[in-house]
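Working notes for the structure below.
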Amino acid sequence: MSTREIFDGRLEAALLLAPTLLVSVVFLYYPTALAFRTSLFDSGFGRAEEFVGLENYLTLLGSSAYHSSVVISVVFAALVVAGTIAVSLYLTFLIHEVDTGQGWYLISVIWPYALPPAVAALVFLFVFHPTLGVLTGPIEALGLEVDWFNDGPQAFLVVLLVAIWKQIGYNVIFMIAAMKNIPDALTETAELDGVGRLHRLVSVYVPIMTPTLFFLVIINTIYAFFGTFAFVDLLTSGGPANATNVLIFDLYREGFSFFNFGVASTKSVVLFLVVAVLMVIQFRLTEEYSYYGA
Amino acid sequence: MSAIQYTKRRFEALRRAIGGDDEEESAALTGSEESVGVHLQLWLLVGMVAFPILVAVVVSTKQQGIVTSLPDLVPGTYAVENYREAIVDYGFGRFMWNSLLMSVVVVVGKLVISVLAAMAIVYYRVPYKDLVFLFVLFTLLLPVPVRFIPLFQLINDLGWGNSLLAITVPYLASATTVFILRQHFLSIPTSIVETAKLDGVGPVKFTLQVLVPMSKGVLVGVSIIMFVYAWNQYLWPLVIIDSEANQVAQVGLQLLQGDVQGGQLSWSLVMAGSVLTLLPPLALMVLFRKPLLETFAIQQK
Amino acid sequence: MTTITLENLRKEFDDVVAVDGLDLTIRDGEFLVVVGPSGCGKSTTLRLLAGLETATDGEIRMDDRDVTGTEPPERNVAMVFQNYALYPHMTGRRNITFGMNAGGSFTDEEIDRRVAEAAETLDITGLLDRKPQAMSGGERQRVALGRAIVRDPDAFLMDEPLSNLDAKLRIQMRAELTRLHAELGTTTVYVTHDQTEAMTLGERVVVMDDGRIQQVDPPQSLYDFPANRFVAEFIGDPAMNMIDVAVEGGVAVHDAFRIPLPAGNAAGETGSEAESLADPDAGDRPHAVLGIRPEDLHPARERPDLGETEFDATVDVTEPLGDSLLVHCSVGDATFKMSAEPRSSLEPGGTVSVTYDPERLHLFEPETGEAFYHSATAPAPSDRLERVVND
Amino acid sequence: MTTITLENLRKEFDDVVAVDGLDLTIRDGEFLVVVGPSGCGKSTTLRLLAGLETATDGEIRMDDRDVTGTEPPERNVAMVFQNYALYPHMTGRRNITFGMNAGGSFTDEEIDRRVAEAAETLDITGLLDRKPQAMSGGERQRVALGRAIVRDPDAFLMDEPLSNLDAKLRIQMRAELTRLHAELGTTTVYVTHDQTEAMTLGERVVVMDDGRIQQVDPPQSLYDFPANRFVAEFIGDPAMNMIDVAVEGGVAVHDAFRIPLPAGNAAGETGSEAESLADPDAGDRPHAVLGIRPEDLHPARERPDLGETEFDATVDVTEPLGDSLLVHCSVGDATFKMSAEPRSSLEPGGTVSVTYDPERLHLFEPETGEAFYHSATAPAPSDRLERVVND
Amino acid sequence: MGGSGGNEAQFSPIADELTVWHAMGGTNGETLDSIAADFEEEHGIEANMEFQDSYENVLTNTLAAFDSGNVSDMLQVDSLFAQQVLDTDQVRPVAEILPDDFDTDVFLDNVAEFFTVDGELASLPFNNSNAIMYINRDAFEEAGLDPDDPPSTLAEVRSASETLVDEGVTQYGITWPNHVWFVETWYGFEGELMTDAENGHAGDPSTFYAPDAVYDLYEWWKGMADDGLYTNPGIEAWGEATSLFIEGEAAMVLTSTASVAGLIADSEDFTVDAAPYPSISDTRVGPVIGGASFYVPEGLPEDRYEEIGELLRYMAQPEVQTEWHKGSGYYPITQPSVDSLREEGWFEENPMYNVALEQLQNGDASDPATKRALLGPARNVQTVIQDKSVDVVNSDDIGSEIEAMKSEVESVLTEYYE
Ligand SMILES: Nc1ncnc2c1ncn2[C@@H]1O[C@H](COP(=O)(O)OP(=O)(O)OP(=O)(O)O)[C@@H](O)[C@H]1O
Ligand SMILES: Nc1ncnc2c1ncn2[C@@H]1O[C@H](COP(=O)(O)OP(=O)(O)OP(=O)(O)O)[C@@H](O)[C@H]1O
Ligand SMILES: O=P(O)(O)OC[C@H](O)CO
Ligand SMILES: [Mg+2]
Ligand SMILES: [Mg+2]
């Protein structure tokens with residue numbers, strides 16, 4: 001037992017924990033439990049609630065649109081996670097390598113973290129609008145057709161870009177801290193041997209940063225599934241051809257455009273389960289690959 | 001070396017980096033041509049990252065705000081008019097104020113109750129507290145989207161719809177804050193804590209006079225993170241707030257588009273709003289970048 | 001001003017026995033040093049005294065009060081930590097006074113007066129308004145001492161208070177502590193893993209190993225009459241040479257040399273049941289460990305006064321220490337270190353004729369490590385103070 | 001196998017001059033130790049040699065190659081760091097071989113063979129498949145040494161490689177390093193702040209202070225003929241006593257005592273322009289600093305052989321060190337430490353008659369600190385090796 | 001769910017003053033604000049016009065508010081969502097609220113008919129519209145087209161677009177927001193029902209009709225897109241569509257009459273003109289009505305209904321209607337205001353304002369196809385049609401995509417009405 005535990009009083013401790021626990025139970029656990037419950041009902045606005053058992057789940061199970069939504073979300077999340085980590089890592093490394101102006105580079109790179117997602121979406125819409133966008137002209141001049149209102153993959157790419165862009169700052173903040181923590185001597189040892197920059201990043205820094213990177217994978221996964229709603233809502237509304245109809249958007253629409261609370265709750269539950277399963281997988285992988293071995 | 005000194009030293013390099021001063025970095029041993037390359041790459045990437053918001057700023061100074069090509073990207077002369085219109089005519093000032101109120105209440109509330117919880121988890125000898133901690137941590141997996149439908153009904157049943165309560169109270173329990181604070185408390189040397197115990201210093205005095213002052217940096221850092229988080233909330237206010245008077249800036253931003261049904265689209269107003277919305281969190285981040293980065297550094301342990 | 005008595009004190013953590021049944025009386029006003037290797041239970045013992053850990057078994061008495069189960073504030077002890085444990089956000093003065101009124105026993109004026117006095121004594125008056133990060137390590141430790149002093153405790157408990165200081169400062173603070181103790185006369189228990197500190201500071205020194213007390217004695221007695229192999233090797237740098245020998249007719253016999261054992265002093269209950277080896281002719285043993293300190297071995301030509309008790313050894317390595325030359329030698333299967341004149345010209349590979357001080361020979365049981373023979377005469381019992389035997 | 005020459009080497013950081021014009025030749029195959037207080041520029045010097053820092057001024061030559069501006073890999077040196085600098089995610093073997101092919105000069109078989117050899121030499125074959133966190137400190141440092149060895153560098157550069165180890169292990173690794181050096185014969189520059197390490201390891205020792213070289217000499221010469229007060233006080237523990245005196249007619253005069261100075265050896269360019277004090281009657285000075293090491297002072301009754309050169313002092317404090325008793329004394333306004341027999345009965349407050357070894361007296365300029373007189377006779381110049389003078 | 005339905009539902013108003021949720025931004029919103037200010041001046045009753053961004057948001061917020069119990073006093077609901085709101089059973093027909101002396105016959109027939117449910121005026125029509133076509137006269141002239149004879153069928157639109165694009169005058173020929181209303185309008189002109197039960201006006205619909213004309217429509221649509229003659233501004237992207245027109249990217253835009261005022265103001269670089277909606281074939285039965293009406297929740301404190309009634313009446317007054325029409329382009333919906341505008345000579349002077357009214361009045365109001373669909377799950381159906389329209393246009397097999405649209409809509413209907 002740690003010797004930090006200098007106070008006894010169980011009642012006192014309970015009082016201290018009460019606000020957090022109360023809010024957690026009432027506003028987090030209870031609604032989640034309710035979502036599980038509602039998912040077993042046919043419930044919607046103006047309709048009497050009716051117990052339907054697993055029907056909602058069966059409906060989703062049989063809905064190819066929903067299947068594709070699950071697939072899209074998982075692929076989207078994977079790309080957001082991988083893209084964010086790769087770009088942020090490289091950026092962080094560049095910043096770590098320069099010896100002047102680090103502070104300014106850092107701030108210039110991390111500020112999108114402060115940017116509200118809704119703003120990010122609107123700005124991207126403005127910049128990449130297929131006909132009106134600022135960059136549309138230059139991009140089309142390169143011989144690429146910008147047509148993401150009609151072209152699913154392109155729309156997916158645009159949402160992906162904005163999602164990654166918005167998340168870089170958050171990642172860089174963690175990575176720079178982790179990279180700075182790597183003892184100089186390790187860098188110098190590599191330098192004495194003439195190990196190249198990129199080789200050093202990949203073979204020395206990345207493995208040592210694995211705990212931070214795994215943490216970020218998890219945070220980014222949560223972000224990709226839950227934090228990207230505004231982008232889809234404002235940029236593509238899930239289209240075209242459902243190409244960007246990620247679970248969170250689909251769920252919102254089911255609940256608050258179509259007011260099918262039963263099905264929407266079922267979608268909440270599925271979303272929760274998908275993310276929970278991914279978390280478990282990621283924790284497993286963490287255990288396997290982190291050199292800390294724990 | 002005391003633990004504090006140690007922690008200090010660890011952050012020294014970091015602090016130097018964030019400070020923005022051009023200090024020499026012993027770690028970076030680079031031939032000059034090589035580092036020119038690195039700088040070039042950085043400029044390019046920073047440019048790419050910053051470009052969209054530069055566009056937003058430029059557009060917010062134009063009359064119609066329709067910019068369809070790069071050469072159009074010269075600042076216009078309507079900045080004052082646009083911002084005035086957004087803030088006054090469209091009541092964006094009101095939305096900003098609501099956002100601010102919400103964020104401040106959330107931040108302060110979170111800090112207070114999380115300090116209490118972390119205090120109990122670290123400094124009290126009570127059974128099952130690891131379980132309690134896990135219980136709190138697990139809420140990371142229950143973001144608003146997983147539960148917003150029942151939450152919506154719950155809030156309405158409580159009669160909190162459309163109110164400040166609705167967009168603050170549900171956010172008060174914070175796994176992240178408790179987690180970061182716990183990590184920080186654990187990094188305070190045991191001997192300092194034991195010194196207090198030897199004197200029989202009580203929990204209230206200990207919290208207010210030892211813990212809080214010793215956690216200033218982390219508290220500020222966490223506040224920034226939480227502020228940004230609260231300020232950027234979109235989905236929940238969109239769902240739960242439907243009166244204009246109580247709406248927050250994130251949602252209110254759409255209203256600046258003008259008469260959408262009527263085919264108007266005031267990009268310049270939208271961008272003015274966007275820039276306005278970005279300002280508070282950005283200002284906080286720049287102002288408090290040191291505690292912010294240090295907090296992240298702690299968190300990763 | 002308190003006598004502290006430990007009786008069969010035990011502390012177990014989960015699966016570790018950190019302190020394994022201590023019996024010890026710390027005398028009123030004494031400066032007692034506890035020394036031992038890392039993990040031997042020194043800090044735990046101190047923390048048990050302070051009330052920061054709860055004893056698993058046994059009893060702690062302060063004067064006649066049983067304090068075993070009481071909270072720290074009730075024990076009225078003050079602790080000084082290795083890392084100073086100063087609150088970084090408080091000035092020196094605030095650090096010193098913070099928490100004093102929690103005990104409730106001081107008025108404000110009294111506190112002011114006491115702080116001024118302590119600051120005077122410790123020469124930290126100028127530091128009272130600074131925060132710790134504006135102080136050097138030594139200054140911080142002084143403030144921490146100040147904190148302990150103003151409380152006017154019944155005992156000071158110090159856990160390696162000087163370990164974080166650099167060598168120079170450590171020596172200086174050592175002297176200061178001695179002076180302070182002379183001035184205040186407060187019972188002090190001082191934990192260190194540094195034997196020089198233990199030797200120079202302690203009126204008595206407790207050597208611990210593996211949660212148990214190995215020996216309690218004044219410093220020089222520890223050095224001259226180690227109770228067992230552990231103490232013999234732990235105290236003294238470079239460590240005592242240990243050579244496997246047989247004892248035959250009062251002579252330590254090794255393949256390569258024979259060392260006659262003067263009729264000396266058998267270890268064990270001092271002066272009482274002196275063992276057979278007091279008569280060097282009795283008690284032959286096939287296995288014993290002969291202990292001789294490097295500084296009690298000499299090149300024969302440097303110490304003709306020691307007579308003809310010499311043998312030849314090969315020089316392996318020489319290490320100049322400035323004030324002496326440490327010579328690593330081997331003889332037969334045994335290796336040992338010997339102290340020579342700093343400017344001796346001994347070349348590795350050469351042979352040297354070695355002599356020894358017959359007054360400073362020790363013999364230990366090979367299995368238990370218990371000392372059973374010291375060739376020197378033990379000091380009078382009154383001088384050796386009481387001994388605590390553990391097993 | 002390389003001679004390294006530094007010429008007027010300087011390194012400035014912003015406002016700090018870390019290395020202030022070094023001139024030094026490191027001989028082929030030599031084990032050179034650089035010692036000095038914290039911040040004196042030891043590490044910086046080493047890093048300049050390695051190419052990890054760029055010199056502000058001056059030149060570094062390896063054999064006849066000017067390497068001042070070259071990148072580290074081109075210098076073919078291997079560095080061993082205090083904190084081992086092992087990659088935590090790689091096995092011992094991978095740690096040793098990682099980056100070897102960057103230089104491109106080894107084939108895979110060659111690497112395997114060299115690793116096997118080095119592992120053999122260092123006795124770390126069993127560690128090659130473990131990761132650092134599964135190794136003890138000593139084992140880690142051995143692997144780090146392995147990494148250096150397999151590269152077959154022209155020079156080893158070691159920055160306090162043993163500082164993170166505990167005392168026992170440090171002593172053991174010290175011996176290992178000596179053995180290794182004897183075996184490989186590679187030019188080695190070894191930085192430490194620990195004087196015992198410096199004395200025992202170095203063939204020659206460079207004492208640095210404040211970015212400059214104070215003295216370069218074999219260990220015992222440093223001890224016996226310190227070039228200045230800094231070296232005299234830095235080398236030796238407890239430090240040399242320094243007492244303000246006047247020199248009058250070949251006698252060091254203090255209010256409370258007079259010490260005749262034997263016709264000795266003036267410091268300065270050895271053996272050449274011996275200064276006037278070689279003749280003790282010449283060169284009276286109103287102010288000088290007399291330096292005597294504690295172990296060269298004795299209670300008169302312990303050393304009747306030293307003659308009647310004695311004076312009386314008051315005993316302030318005694319510190320038993322086990323093998324000796326350190327006696328703090330004062331005489332007039334001067335205080336000094338003296339080494340006495342461990343079991344002497346000297347009580348604080350009493351008076352002791354003090355004698356000294358007239359062979360071991362030193363005199364220093366009060367302002368510059370330069371030594372101008374050593375009563376011992378200097379070793380033959382050939383023995384003292386070349387000297388580097390800085391100012 | 002909180003809404004227990006029926007009259008005993010107890011709502012609390014969102015504020016002390018009357019609150020109106022609407023979807024009129026920009027200049028139309030300002031006009032609305034000034035109407036509210038005038039009303040306050042005249043009647044001493046405070047009314048707060050709250051902009052809610054879009055009809056979709058008004059709908060969402062309305063339904064959410066019915067659940068939460070804090071509702072606004074009047075809700076501007078898109079005609080598209082009429083049934084969805086009625087189905088909540090939480091609204092009180094305005095007929096019961098309007099002061100007794102209010103004459104409900106003042107509304108134009110084809111307007112009144114749509115908003116009358118079970119013989120009672122359920123909501124107060126206010127801002128009503130058609131979809132029409134706007135053209136860029138300058139571009140037409142530059143391309144050698146006659147701006148006074150704008151295309152009136154899809155085929156003509158295509159050929160005009162080809163000319164415009166080939167001549168390099170504009171990048172695209174035409175654009176319109178991807179909104180279900182335009183599809184509905186095409187159905188209407190073609191005289192085709194969208195669903196059974198007379199577009200929901202005669203019972204619960206369950207079938208989605210996809211007559212040949214609809215295949216023709218999508219065939220054309222896809223062809224336009226493939227050949228770069230049409231550009232998609234985005235789903236429900238009213239603003240982007242007009243921007244494309246104003247920026248000269250497209251010389252024609254289909255959008256609401258509500259844009260008249262704004263377009264005239266914003267088209268600084270060219271002359272804008274209005275033309276009737278282009279039909280799929282030469283058949284032109286009539287357009288479906290667009291725009292919105294005001295609904296009032298049931299279950300507010302009784303004393304509020306009086307004030308609400310005053311406001312409703314005020315908004316139907318000829319002067320207000322006239323002001324609103326002039327300021328927005330929504331056509332006047334009461335006979336008195338039409339009359340007064342005619343008297344004034346307004347339509348001669350501003351022929352663009354007349355296009356929609358004429359189009360409406362030329363339509364065959366008796367044909368059920370010109371009645372906009374009344375669907376309970378309107379928002380859901382709307383989303384399906386809009387999403388699917390993109391799929392159809394992007395697919396190589398129009399037929400199967402239209403089939404998919406049909407079956408999806410029908411499953412939404414079944415789900416809702418089962
Ligand atoms: N809180 C604890 N929980 C578990 N084991 C502990 C705890 N504190 C100490 N121990 C164990 O008890 C034993 C004695 O520890 P203690 O700290 O008393 O040693 P020490 O002699 O002070 O060592 P050091 O010189 O390293 O400070 C060690 O084995 C240690 O690991
Ligand atoms: N990268 C750097 N930037 C600025 N100053 C530095 C840097 N590295 C060293 N210094 C300064 O140069 C001086 C010499 O430092 P150096 O590290 O060489 O000392 P050292 O002798 O190795 O000390 P230690 O024994 O503490 O390791 C110090 O004053 C130090 O503060
Ligand atoms: O833009 P409006 O107001 O004419 O409305 C158009 C339609 O009603 C949308 O469904
Ligand atoms: Mg300890
Ligand atoms: Mg160093």
Side-chain angles (χ1 to χ4, degrees), chain A residues 3-8 10 13 16-17 19-20 23-24 27-28 31-32 34-35 38 91 94 97-100 102-105 107-109 111 114-119 122-123 126-127 132 134 137-138 173-174 177-178 180 184 187 191 212 226 229-230 248 255-256 261 264-265 268 272 276, chain B residues 13-14 17-20 22 25 27-29 38-39 41-42 45-46 49-50 52 55-56 67-69 113 116-117 119-120 122-126 139 141-143 145-147 149-151 154 170 172-173 190 193 197 203 228 232 234-235 239 250 253 270 274 277-278 281-282 285 296-297 300:
Chain A
T3 43
R4 278 192 183 80
E5 299 170 335
I6 55 174
F7 299 117
D8 274 327
R10 292 190 184 191
L16 292 175
L17 286 168
T20 294
V23 174
S24 303
F27 297 103
L28 290 128
T32 307
L34 273 188
T38 310
L91 256 176
L94 289 180
E97 289 294 283
V98 298
D99 33 52
T100 49
Q102 278 200 337
W104 290 115
Y105 284 129
I107 281 293
S108 323
V109 161
W111 67 264
L115 192 73
V119 172
L122 287 174
V123 173
F126 189 84
V127 171
L132 296 170
V134 182
I173 295 175
F174 278 94
K180 292 262 171 200
D184 285 351
T187 307
E191 274 170 2
T212 298
F226 299 125
F229 168 74
I248 176 69
F256 280 83
F261 291 139
S265 293
S268 295
F272 168 77
Chain B
L14 188 58
I18 336 157
D22 298 348
E25 265 298 308
L29 174 102
V38 175
H39 279 282
Q41 289 186 54
L42 271 171
L45 285 167
V46 164
V49 169
V55 172
V67 170
T68 50
S69 66
I113 79 169
L116 299 183
M119 161 91 187
V122 175
Y123 294 110
Y124 274 79
R125 192 181 304 259
V126 282
T139 60
L141 273 185
L142 312 175
V146 165
R147 60 196 154 89
I149 292 162
L151 185 62
L154 173 67
L172 290 186
T190 336
V193 181
K197 172 159 188 175
V228 170
N232 288 350
Y234 174 75
L235 180 60
V239 167
Q250 303 311 322
L253 213 48
V270 174
S274 299
T277 314
L278 171 60
L282 186 61
M285 255 182 70
F296 277 107
Q300 64 160 3

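Just so it is clear: chains get the letters A, B, ... in the order the sequence lines come, proteins before strands, and each one is counted from 1.
Contact count versus chain B (heavy atoms, under 4.5 Å) is highest, among A:L34, A:V123, A:V109, A:L28, for A:L28. Ranked by non-hydrogen atom pairs under 4.5 Å with chain A, the options B:L45, B:L235, B:V270 are led by B:L235.
Looking only at distances, a side-chain donor or acceptor of B:R147 sits under 3.5 Å from a matching main-chain atom of A:F27. B:S274 places no side-chain N or O within donor-acceptor distance of the main-chain N or O of A:V119, the cut-off being under 3.5 Å.
A:T20 and B:A117 get closest at one heavy-atom pair: OG1-CB, 3.5 Å. Among all heavy-atom pairs drawn from B:M119 and A:F7, the shortest one is CE-CE1, 3.5 Å. The two residues A:A13 and B:A120 have their closest heavy-atom pair at O-CB, 3.9 Å. Across all non-hydrogen atoms, the minimal contact from B:P150 to A:P31 is CG-O, 3.1 Å. Closest of all the heavy-atom pairs between B:M285 and A:A114 is SD-CB, 3.5 Å. The two atoms that bring A:Y105 and B:H39 nearest to each other are OH-ND1, 2.7 Å, heavy atoms only.
The CG atom of A:L16 sits 11.5 Å away from atom CD1 of B:I113, with the distance rounded to the nearest 0.5 Å. Taken from CG in A:L115 to CG in B:L282, the straight-line distance is 9.0 Å, to the nearest 0.5 Å.
The side-chain heavy atoms of B:I149 and A:T38, taken from C-beta on, include no pair separated by under 4.5 Å.
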Stepwise side-chain contact (heavy atoms from CB on, under 4.5 Å) check, B:L151 with A:T32: CA-CA 8 Å; B:L151 185 62; A:T32 307; over 6 Å; no
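Only the side chain of A:V127 comes within contact range of chain B, with heavy atoms under 4.5 Å apart. With a threshold of 4.5 angstrom between heavy atoms, B:V126 approaches chain A through side-chain atoms but not through N, CA, C or O. With a 4.5 Å cut-off on non-hydrogen atoms, B:Y123 touches chain A through its backbone and its side chain both. Within the 4.5 angstrom heavy-atom criterion, atoms from both the backbone and the side chain of A:L94 approach chain B. The contact between B:L154 and chain A is made entirely by side chain atoms (from C-beta outward), counting heavy-atom distances below 4.5 Å. The part of B:P143 that comes within reach of chain A is its side chain, from C-beta onward, which places non-hydrogen atoms under 4.5 angstrom from that chain. Only the side chain of A:F229 comes within contact range of chain B, with at least one heavy atom under 4.5 Å from a heavy atom of that chain.
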